[in-house]
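Below you'll find the structure, written out as structure tokens, and then a few comments.
Note that the structure is predicted; figures quoted are calculated from it, not measured.
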Amino acid sequence: MGKFINKVPGFRTGVIWKRIVACVGYPIMVLFSGIFIFFTGDGTLSTSKQDVYINYLSGFVLTLFVFVIPFILLTNLGGIHRKLPLLRSSSRVHKLIGIPIYLSFWVTAFTLTLGQVDAFHTEDYKKKYEEKTKLEAVKKEGEKK
């Protein structure tokens, strides 16, 4: 257990404040990950098991891109910075250029992945979603007047 814990971000350096942040932060991340996975999507629109599973998958993709990938990058988990050329550089300029480039890749990958997952919803779900969106737009327009 001792060898494993020394590889976990927050416990690697032995600094007490980092351990406290990790002990508080990890349960919060797990809680929000569960919320994203199990409560993403509109369950009232689900007309089949396929739609329910797609909602779970959307939540998983959201969790992956909002928590897991940023966590890996921010904590340099597994020495990921050594594997990314612009972050591996000793030059601060390269790193400052690399961060927005990798961020744009991350946003693009997230958008494309979530769009592809949502494309697997049934036609009935898509139709109900479109109707609900139109109804909400009309409702908002009515509130403005």
Side-chain angles (χ1 to χ4, degrees), residues 1-15 17-89 94-145:
M1 177 88 170
K3 289 182 182 182
F4 171 75
I5 202 76
N6 289 333
K7 294 181 181 183
V8 176
F11 297 94
R12 295 181 293 199
T13 61
V15 177
W17 73 266
K18 290 182 179 181
R19 288 180 179 210
I20 292 169
V21 169
C23 287
V24 171
Y26 288 137
I28 290 172
M29 280 193 338
V30 168
L31 174 71
F32 280 107
S33 296
I35 290 170
F36 280 177
I37 291 171
F38 294 107
F39 298 105
T40 297
D42 190 344
T44 61
L45 300 177
S46 298
T47 57
S48 70
K49 283 187 176 185
Q50 176 182 343
D51 292 321
V52 172
Y53 293 136
I54 297 301
N55 283 338
Y56 288 153
L57 186 58
S58 294
F60 176 77
V61 167
L62 188 62
T63 299
L64 182 69
F65 280 94
V66 171
F67 288 119
V68 177
I69 292 173
F71 177 79
I72 291 170
L73 290 172
L74 291 172
T75 62
N76 193 24
L77 188 63
I80 190 76
H81 292 182
R82 289 190 312 263
K83 298 172 179 103
L84 298 170
L86 293 172
L87 295 181
R88 165 177 69 212
S89 174
H94 288 145
K95 288 182 181 182
L96 287 174
I97 292 170
I99 290 170
I101 290 172
Y102 290 129
L103 182 62
S104 65
F105 283 138
W106 174 77
V107 169
T108 302
F110 172 63
T111 305
L112 292 174
T113 304
L114 200 55
Q116 288 300 310
V117 168
D118 285 341
F120 286 105
H121 277 294
T122 61
E123 289 302 317
D124 190 36
Y125 182 95
K126 292 175 187 177
K127 191 183 301 181
K128 285 183 177 181
Y129 182 80
E130 191 175 315
E131 289 170 3
K132 181 178 179 184
T133 305
K134 286 179 183 177
L135 187 64
E136 288 173 354
V138 168
K139 186 177 176 183
K140 277 187 179 180
E141 189 64 34
E143 289 174 0
K144 287 182 180 179
K145 292 181 179 181

For Ala22 and Gly10, the nearest pair of non-hydrogen atoms, with its separation, is CB-CA, 3.9 Å

Before you tell me yes or no, could you show the steps for Tyr26 and Val8 under side chain to side chain contact (heavy atoms under 4.5 Å, CB included), namely the whole-Å CA-CA distance, both residues' side-chain angles and the distance that decides it to 0.1 Å? CA-CA 11 Å; Tyr26 288 137; Val8 176; 3.5 Å; yes

Between Leu73 and the options Leu77, Ile69, Asn76, the side chain to side chain contact (heavy atoms under 4.5 Å, CB included) test singles out Ile69

Rounding to 0.5 Å, atoms NZ (Lys132) and CG (Leu135) come to a distance of 9.5 Å

One should read off an interatomic distance between Leu74 CG and His81 NE2, to the nearest 0.5 angstrom, of 7.5 Å

Hey, does [Y] have a side-chain heavy atom less than 4.5 Å from the side chain of [X]?
{"X": "Pro70", "Y": "Trp106", "value": "yes"}
{"X": "Ser58", "Y": "Phe120", "value": "no"}
{"X": "Phe110", "Y": "Leu62", "value": "yes"}
{"X": "Lys134", "Y": "Val138", "value": "no"}

Output yes when a side-chain donor or acceptor of [X] lies under 3.5 Å from a complementary backbone atom of [Y], and no otherwise.
{"X": "His94", "Y": "Leu87", "answer": "no"}
{"X": "Ser89", "Y": "Leu86", "answer": "no"}
{"X": "Lys83", "Y": "Gly78", "answer": "yes"}

Checklist entry - Is Phe71 atom CZ crowded by more than 12 heavy atoms from other residues, nucleotides or ligands, each under 6.0 Å away? => result yes

Val68 and Met29: CA distance, side-chain angles, deciding distance, side chain to side chain contact (heavy atoms under 4.5 Å, CB included) verdict: CA-CA 9 Å; Val68 177; Met29 280 193 338; over 6 Å; no

Of Phe67, Phe60, Phe65, the one forming a ring-ring contact (aromatic ring centres under 6.0 Å, His included) with Phe36 is Phe67

Does a side-chain N-to-carboxylate-O contact under 4.0 Å join Lys126 and Glu123? yes

* In terms of the angle between their ring planes, are Tyr125 and Tyr129 parallel, tilted or perpendicular, with boundaries placed at 30° and 60°? -> parallel

